[in-house]
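Shown next, in structure tokens, is the structure this report addresses.
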Amino acid sequence: MSTILALLLVGLMAASVGAAPAAVERTEGALVFGASVPKSAFAPGEAVEIRLTVRNAGSTAQVVTFMSAQRFEFVVRRARGDEVWRWSHDKAFAQAIETAQLRPGETMTFRETWDQRDLQGRRVDAGSYEVVAIFLGQVGGRASVALPPIGITITPR
């Protein structure tokens, strides 16, 4: 009986690998930047939702300046560094300086989905990838903020 229980536990543990959200965080002054994906392992062709948040953890409002209508960027690259996909690849953005205000405790959230296709529209191979989220706003003269990469795996069939 204990052998069966042990096998069931190993099976459950193996099934849950990659099921927990994968996330990174970085603090710059009063702003806390976070990026996440819902899990670290995906089946081939499964949509990968990428999320970027910017929260004002300070006690005063923060003014964010954007140099264009683009507020963020998401990049997926192979673990060895070759870029596979860039969210803005086929988009155009108005070139206008815009500002936004983040009150204390307020959060900006950006979400996009990567369909596991490369810049040419081809399905990517199974393997290890990195997701990088970049906030393009400027606060107090500081340039955009790139968060550390999040490692994900596209599992073989």
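Values reported hereafter were calculated over all heavy atoms of this structure, with side chains retained and with hydrogens, waters and symmetry mates removed.
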Could you check Phe72 against Glu112 for side-chain contact (heavy atoms from CB on, under 4.5 Å), going step by step and ending with a plain yes or no? CA-CA 10 Å; Phe72 64 93; Glu112 290 299 330; 3.7 Å; yes
Step by step, work out the side-chain contact (heavy atoms from CB on, under 4.5 Å) result for Ile97 and Thr65. CA-CA 7 Å; Ile97 296 174; Thr65 303; 3.7 Å; yes
Apply side-chain contact (heavy atoms from CB on, under 4.5 Å) to the pair Val132 and Phe74, showing each step before the final yes or no. CA-CA 6 Å; Val132 178; Phe74 292 128; over 6 Å; no
Determine, stepwise, if the pair Ile134 / Leu136 fulfils side-chain contact (heavy atoms from CB on, under 4.5 Å). CA-CA 6 Å; Ile134 306 162; Leu136 297 176; 3.7 Å; yes
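Counting only heavy atoms from C-beta outward, the side chains of Phe110 and Thr53 never approach each other to under 4.5 Å.
The main-chain N or O of Pro104 is never found under 3.5 Å from a side-chain atom of Arg55 such that the two would form a donor-acceptor pair. Between the Asn56 side chain and the Leu102 main chain, a donor and an acceptor come within less than 3.5 Å of each other. The closest donor-acceptor contact from the side chain of Glu25 to the backbone of Ala23 lies at 3.5 Å or more, if one exists at all.
Take Phe42 and apply the ring-ring contact (aromatic ring centres under 6.0 Å, His included) test, not counting sequence neighbours, and it matches no residue.
Summarising the geometry of Gly45 relative to Gln116, their closest heavy-atom pair is N-OE1, 2.8 Å, with the distance given to 0.1 Å. Listed here is the closest heavy atom pair of Arg26 and Ala146: NH1-O, 2.8 Å. Nearest approach of Ala22 to Ser40, heavy atoms of both residues: CB-CB, 4.3 Å. Ser88 and Gln70 make their closest contact through CB-NE2, 3.5 Å (heavy atoms, listed as atom of the first residue, atom of the second, distance). The heavy-atom pair separating Leu147 from Ala35 by the smallest distance is CD2-N, 3.6 Å. For Pro44 against Pro156, the heavy-atom pair with the smallest separation is CG-C, 4.4 Å.
Ion pairing between Glu49 and Arg51 fails under the 4.0 Å rule for side-chain N and carboxylate O. Taking a cutoff of 4.0 Å between a charged side-chain nitrogen and a carboxylate oxygen, Arg77 and Glu130 qualify as a salt bridge. By the 4.0 Å N-to-carboxylate-O rule, Arg71 lies close enough to Glu98 to be salt-bridged with it. Salt-bridge formation is detected for the pair Arg86/Glu73: a Lys NZ or Arg NE/NH1/NH2 atom is positioned less than 4.0 Å from an Asp or Glu carboxylate oxygen.
Within the model, atoms CD of Glu83 and CZ of Arg78 stand 11.0 Å from one another, a figure rounded to the nearest 0.5 Å.
Linking ILVMFWY residues whenever their side-chain heavy atoms come closer than 4.5 Å, directly or via other members, leaves Val63 and Met108 in distinct clusters. Under a hydrophobic-cluster definition in which Ile, Leu, Val, Met, Phe, Trp and Tyr are linked whenever side-chain heavy atoms come within less than 4.5 Å, directly or via other members, Val54 and Met67 are assigned to different clusters.
The aromatic rings of Phe135 and Phe33 sit tilted relative to each other, their planes meeting at an angle between 30° and 60°.
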